[in-house]
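Each chain gets a letter, A, B and so on, in the order the sequences are listed, and its residues count up from 1. Keep in mind that what you see is a predicted model, and the values were worked out from it rather than measured.
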Amino acid sequence: DAGVIQSPRHEVTEMGQEVTLRCKPISGHDYLFWYRQTMMRGLELLIYFNNNVPIDDSGMPEDRFSAKMPNASFSTLKIQPSEPRDSAVYFCASSRVGLHYEQYFGPGTRLTVT
Amino acid sequence: DQQVKQNSPSLSVQEGRISILNCDYTNSMFDYFLWYKKYPAEGPTFLISISSIKDKNEDGRFTVFLNKSAKHLSLHIVPSQPGDSAVYFCAANTGTASKLTFGTGTRLQVTL
């Protein structure tokens, strides 16, 4: 299996620009998670989906962040407008019911907003 | 508020010795705990887990201990190897949802 795929791996953008991060989960997994990693807060869950439906978005920091999952094999996390404090590594992860909550992570997207 | 805490941001251990990474939690509803390992420029990977009905789970060189009364768990690595150098995240789940709550991580460096 190819594992969780994320693109781009690195993104550098200017404050105010729109940023779109992409994720392809492992085939057959019905849960998809978006995390943000920072030094201060570690791994924070932003939002997660079950069968393409958002279940919990309480971790989304503010309205500038939005996430979609139009089908079982694709999800996006969008930041509009981006701010320097959004600079972090964003991870996508997927899992399947019955795997004892083990999540499989992608390699992450390092976002730098200048 | 941090429901899962890893109070040691870093740890250095000599090769061959035991590494002990600690994790504390505050939510008494957590009933499943996991450790993830993360190398630079990679995503975290699952290492070992433990259910709240157990107090110990062992997998090769890795053992996780759970003390429910103290709301504390630890990961023991024996013997430590240079390839174990990574960031280790503790995570917890309430069992009613699939989401995990992660700690801030501990960077382990195993020296020669």
Side-chain angles (χ1 to χ4, degrees), chain A residues 1-10 21 23-26 29-51 53-60 67 88-110, chain B residues 1-10 21-25 27 29-54 57 59 62 64 66 73 86-107:
Chain A
D1 202 322
V4 176
I5 299 172
Q6 290 188 249
S7 65
R9 293 294 308 274
H10 302 272
L21 311 181
C23 175
K24 176 179 169 56
I26 292 172
H29 282 192
D30 44 14
Y31 286 88
L32 184 138
F33 306 83
W34 282 101
Y35 289 90
R36 177 171 67 177
Q37 184 191 8
T38 61
M39 289 293 291
M40 292 299 295
R41 301 177 68 86
L43 273 168
E44 295 178 275
L45 178 65
L46 300 177
I47 184 171
Y48 80 95
F49 297 81
N50 178 216
N51 292 325
V53 176
I55 303 300
D56 184 346
D57 66 354
S58 59
M60 296 287 260
V89 181
Y90 291 81
F91 289 101
C92 175
S94 68
S95 71
R96 181 168 56 85
V97 172
L99 282 182
H100 290 284
Y101 314 114
E102 296 165 22
Q103 296 178 11
Y104 294 78
F105 283 76
T109 295
R110 180 173 293 278
Chain B
D1 64 344
Q2 283 291 123
Q3 296 187 58
V4 178
K5 301 177 184 180
Q6 295 177 257
N7 293 317
S8 298
S10 64
L21 295 95
N22 294 303
C23 178
D24 298 293
Y25 61 96
N27 188 342
M29 298 300 291
F30 287 145
D31 64 357
Y32 199 82
F33 303 89
L34 306 88
W35 285 93
Y36 279 76
K37 176 179 180 179
K38 184 185 177 306
Y39 291 119
E42 296 182 10
T45 55
F46 169 74
L47 185 60
I48 191 170
S49 63
I50 187 167
S51 165
S52 61
I53 62 173
K54 296 184 176 181
N57 188 27
D59 183 2
F62 303 90
V64 57
L66 176 62
L73 66 156
V87 176
Y88 290 79
F89 290 96
C90 169
N93 177 278
T94 63
T96 58
S98 290
K99 70 177 188 179
L100 298 175
T101 301
F102 282 85
T104 51
T106 297
R107 181 177 302 277

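Within the 4.5 angstrom heavy-atom criterion, no atom of A/R110 approaches chain B. For A/L45, the part lying under 4.5 angstrom from a heavy atom of chain B is the side chain only. For a residue to count as touching a neighbouring chain, one of its non-hydrogen atoms must lie under 4.5 Å from one of that chain's; by this rule A/E44 does not touch chain B. Only the side chain of B/Q2 comes within less than 4.5 Å of a heavy atom in chain A; its backbone stays farther off. With a 4.5 Å cut-off on non-hydrogen atoms, A/N50 does not touch chain B at all.
Between A/F33 and A/Y31, the ring-plane angle classifies as parallel under the 30° and 60° cut-offs.
B/K38 has its side chain out of reach of A/F105: every pair of non-hydrogen atoms, C-beta onward, lies at least 4.5 Å apart. At a threshold of 4.5 Å between non-hydrogen side-chain atoms, the residues B/W35 and B/K37 do not count as touching.
Between A/Y35 and A/Q103, the side chains place a donor N or O and an acceptor N or O closer than 3.5 Å (distance only, hydrogens not considered).
Here B/F89 and B/Y36 keep their ring centres 6.0 angstrom or further from each other.
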